[in-house]
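Inspection log for the structure reproduced underneath, given as C-alpha cells.
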Amino acid sequence: MHPDEAVAKVAAEQYALFTTAQASAAGMSPTMLAHRRRRGTVVRLEPRLYRLAGAPITWHQQVLAACLAENGLASHRTAAALWQFDECRPGV
C-alpha cells in the first residue's frame with residue numbers, strides 16, 4: 001500500500017487526524033510529509049500532529065487532536081459528552 005493510502009486509512013478512523021509516528025509507520029518519511037504540507041494536502045496542527053486538508057473541523061476532531069497532541073485522555077465533562085451522558089453536550 002502506498003504511504004498516502006496508509007495515512008488516509010489511519011486518518012479516516014481519527015476524524016482526519018494522524019501523528020508523525022503513524023505517518024512513519026505507514027511508510028511516509030519526514031521529507032514526504034513536509035512536501036505534502038507545502039503542497040497543502042495536510043495541515044500541521046501541533047509539532048507531531050496533522051490533519052488532512054479540507055476535512056471539516058468538528059468538536060470530536062478537536063478533542064481527539066488534544067488527546068493525540070498531548071498523549072492524553074479526555075476526562076470530566078468532555079468524557080461525559082463523548083459517552084453521551086445526560087446533560088453533557090459537546091461544546092466549548
Side-chain angles (χ1 to χ4, degrees):
M1 181 180 302
H2 190 275
D4 287 319
E5 293 172 359
V7 167
K9 187 175 180 179
V10 169
E13 297 176 4
Q14 298 183 160
Y15 303 103
L17 302 173
F18 64 94
T19 65
T20 54
Q22 291 170 326
S24 179
M28 188 173 289
S29 70
T31 302
M32 294 168 73
L33 188 54
H35 177 69
R36 281 143 184 81
R37 186 175 171 204
R38 284 191 303 275
R39 276 194 344 212
T41 58
V42 300
V43 177
R44 183 177 153 197
L45 302 177
E46 294 286 338
R48 296 179 310 268
L49 181 65
Y50 290 82
R51 175 177 55 83
L52 297 178
I57 297 170
T58 66
W59 179 80
H60 285 91
Q61 183 190 77
Q62 291 175 321
V63 170
L64 183 57
C67 293
L68 290 172
E70 297 299 325
N71 197 25
L73 303 169
S75 68
H76 295 80
R77 293 185 74 122
T78 301
L82 289 169
W83 283 97
Q84 299 177 344
F85 288 178
D86 290 342
E87 303 299 319
C88 294
R89 295 186 180 91
V92 178

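Any value given below was found using the heavy atoms of this structure, including those in side chains, with hydrogens, waters and symmetry copies removed. Fair warning: this is a prediction, and the values are worked out from it, not measured in the lab.
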> Got a sec, which pairs hit side chain to side chain donor-acceptor pair (under 3.5 Å) with one end in residues 61-71, sequence neighbours left out?
Replying inline: none
>> To check you understand the geometry: which heavy-atom pair defines the closest contact between A74 and A79, and what is its length?
In response: O-CB, 3.6 Å
> With a cutoff of under 4.5 Å between side-chain heavy atoms, which Ile, Leu, Val, Met, Phe, Trp and Tyr residues group with L49?
Replying inline: Y15, L17, V43, L45, L64, L68
>> So, applying side chain to side chain contact (heavy atoms under 4.5 Å, CB included) with R36, which one of V7, T31, D4, L52 is it?
In response: D4
> What heavy-atom pair brings P3 and G27 nearest, and what distance separates the two atoms?
Replying inline: CG-O, 3.5 Å
> Just wondering, do Y50 and T41 contact through their side chains at under 4.5 Å, heavy atoms?
Replying inline: no
> Take atom CZ in R44; do more than 12 heavy atoms of anything else shown fall under 6.0 Å from it?
Replying inline: yes
> G40 and A53: which non-hydrogen atoms are nearest, and at how many Å?
Replying inline: O-CB, 3.0 Å
>> To the nearest 0.5 Å, what is the distance between CZ on R39 and NE2 on H35?
In response: 4.5 Å
> Can you tell me how far the CD atom of E46 sits from the CZ atom of R51, to the nearest 0.5 Å?
Replying inline: 12.5 Å
>> For R48, give me all partners under side-chain contact (heavy atoms from CB on, under 4.5 Å), at least two apart in sequence or on another chain.
In response: T20
